[in-house]
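Worksheet: one structure, shown below.
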Amino acid sequence: MQEHIENDPHYQGLAVNEGVERLPIVNPYRKKIHRHHYTVDEYVKGILAGDKVILSQAVTLVESLLPEHQLIADQIIEKCLPYAGKSERWGITGVPGAGKSTSIEALGMSLIRQGKKLAVLAIDPSSERSKGSILGDKTRMEELSVQENAFIRPSPSAGSLGGVARKTRESIVLCEAAGYDTIFVETVGVGQSEVAVHSMVDFFLLIQIAGAGDELQGIKRGIMEMSDGIAINKADGDNLNRAKLAAANYRNALMLFPMPEAGVRPEVMTYSAKMGTGVDELIAMVQNRIALCKENGVFEARRHRQDSYWMHETIEEALRNHFYHNEHIMQLMESKQMQVMNNEMTAFRAAQDLLDLYFHKI
Ligand code: GDP
């Protein structure tokens with residue numbers, strides 16, 4: 001008994017639809033975007049002149065996955081490198097809701113009043129899924145985003161964390177060449193992205209909020225250990241005392257960690273990004289710490305270590321990609337995986353077979 005007529009062999013083929021040719025999308029209201037394609041030297045010249053539009057387009061090239069874009073981006077970065085490196089790079093992390101964007105707005109506006117030029121970049125590997133959750137919506141940092149001396153850029157969305165982070169790191173070079181003397185790299189404090197941010201900044205600031213006395217449990221020890229300073233936000237109104245108590249708890253907890261290489265323990269401060277209280281003190285704390293590290297050589301040592309980290313990281317990523325995109329490996333990968341899952345082969349044997357194939361040993 002056939003339930004559907006299309007299952008009857010007699011009618012087979014009826015379901016096949018030839019379809020119609022797709023009409024071109026014509027929207028008379030849509031303005032045609034004329035994107036200029038500059039030469040490498042034009043890009044570099046524009047960046048060095050502090051042209052935000054050109055900087056923005058160059059960052060888009062850095063973020064692009066197209067090989068031809070990467071080629072140009074690499075040349076731009078190389079030519080900008082001699083002009084880069086002079087900024088103070090801050091990493092800013094905290095769980096969603098901790099008040100990162102409110103804080104960046106408050107800190108940023110204050111820095112701009114100091115006469116600084118600020119670039120805000122972000123690393124959010126989840127932004128592809130959530131369509132740019134971080135720095136994505138236009139309502140964030142309303143005041144800061146319209147400042148002449150501020151450049152705000154959402155997270156590059158495509159690719160692995162390593163890839164996203166590398167692009168952000170390369171964008172730092174371009175921003176520095178464009179004259180930005182303070183760079184914020186924001187990340188959501190929930191995963192591995194803090195490690196990536198930590199490896200590209202001079203000061204890693206952890207934004208926390210007072211919980212119900214159990215705030216120390218919720219936070220990963222590693223993130224606390226990485227931080228150069230902890231700032232308890234929302235120290236206002238009824239929350240003021242709880243914020244102070246949380247700060248005291250953090251100070252005690254930090255005493256249990258080994259002394260950081262800078263020779264001073266991370267400071268714990270309270271502030272209110274919304275009310276603006278404690279913001280200037282927080283900035284002074286970060287700036288003083290960076291100045292101290294410049295004096296005692298820790299700043300330079302850290303940057304050297306980061307350069308070396310990124311060199312190795314880039315090599316590893318390139319090797320990994322080359323391996324996994326190898327045609328023969330791709331063909332064999334699935335069957336090896338099945339064999340491992342069916343207990344027909346150990347994971348190590350399967351890996352060795354694939355590696356031998358890759359290195360033409362079999
Ligand atoms: P993010 O997710 O970490 O970027 O956090 P947001 O900056 O979006 O802030 C989350 C919420 O906390 C918003 O409703 C803010 O208005 C609020 N908020 C941020 N800073 C403060 C503060 O200093 N005091 C108070 N009371 N609320 C704040």
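Values below: all heavy atoms of this structure, side chains included; hydrogens, waters and symmetry mates excluded. Just follow the structure's listing: the first ligand is 1, and inside any ligand the first atom is 1.
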Checklist line | From Gly276, Ala106, Ser101, Gly237 - option closest to atom 8 (O) of ligand 1 by heavy atom | finding: Ser101

Next item on the list: Over 60° means perpendicular and under 30° means parallel, so classify the ring planes of Phe204 and His198, tilted if in between.
Entry: perpendicular

Margin query: Working note: Tyr358 + His322, criterion side-chain hydrogen bond (donor to acceptor under 3.5 Å, both in side chains); need CA distance, chi angles, decisive distance, verdict.
Written below: CA-CA 10 Å; Tyr358 183 71; His322 196 260; 2.5 Å; yes

Margin query: Between Arg166 and Glu317 (salt bridge meaning N to carboxylate O under 4.0 Å), is one present in this structure?
Written below: yes

Note to self: Taking the side chain as everything from C-beta on, heavy atoms only, tell me whether Ile230 gets closer than 4.5 Å to Leu254.
What the structure shows: yes

Checklist line | Pro96-ligand 1 polar pair, N/O distance under 3.5 Å | finding: no

Item checked: Under-4.0 Å salt bridge between Asp202 and Arg303 -> yes

Check: Would you say Lys100 has any N or O atom under 3.5 Å from an N or O of ligand 1, going by distance alone?
Finding: yes

Notebook entry, point to check: Is the shortest distance from a heavy atom of Gly94 to ligand 1 less than 4.0 Å?
Noted result: no

Next item on the list: Select one of side chain, backbone, both or neither to describe which atoms of Thr102 lie under 4.0 Å from any atom of ligand 1, heavy atoms only.
Entry: both

Notebook entry, point to check: Under 4.0 angstrom from atom 14 (O) of ligand 1, is there any protein heavy atom?
Noted result: no

Check: Can you list the ligand 1 atoms lying under 4.0 Å from a non-hydrogen atom of Asp236?
Finding: 22 (C), 23 (O), 24 (N), 25 (C), 26 (N)

Check: Does Glu88 come within less than 4.0 Å of Lys294, counting only side-chain N to carboxylate O?
Finding: yes

Note to self: Suppose we measure from atom 16 (O) of ligand 1 to each protein heavy atom; which comes out shortest, and what is that distance?
What the structure shows: Lys274 NZ, 3.8 Å

Next item on the list: Would you mind running through ligand 1 and noting each atom that sits below 4.0 Å from a heavy atom of Val95?
Entry: 3 (O)

Note to self: Is the ring pair Phe151/Tyr180 parallel, tilted or perpendicular, if the boundaries are 30 and 60 degrees?
What the structure shows: tilted

Notebook entry, point to check: Is there a nitrogen or oxygen of Ala235 sitting under 3.5 Å from a nitrogen or oxygen of ligand 1?
Noted result: no

Next item on the list: Run down the list Lys234, Glu105, Glu186 and name the one with the heavy atom closest to atom 12 (O) of ligand 1.
Entry: Lys234

Notebook entry, point to check: Charged N to carboxylate O below 4.0 Å: is that the case for Glu344 and Lys336?
Noted result: no

Margin query: Regarding Asp356 and Gln352, do their side chains bring together a donor and an acceptor under 3.5 Å, going by distance alone?
Written below: yes

Checklist line | Protein contact of atom 20 (N) of ligand 1 - nearest heavy atom, named by residue and atom, plus distance | finding: Asn233 ND2, 3.2 Å

Check: Between Ile207 and ligand 1, which part of the residue brings a heavy atom under 4.0 Å of the ligand: side chain, backbone, both or neither?
Finding: neither

Note to self: Any carboxylate oxygen within less than 4.0 angstrom of a Lys/Arg side-chain nitrogen, looking at Arg349 and Asp353?
What the structure shows: yes

Checklist line | Nearest non-hydrogen protein atom, atom 2 (O) of ligand 1 | finding: Gly97 N, 2.8 Å

Notebook entry, point to check: Should Met275 be counted as touching ligand 1, given the test is an N or O pair under 3.5 Å?
Noted result: no

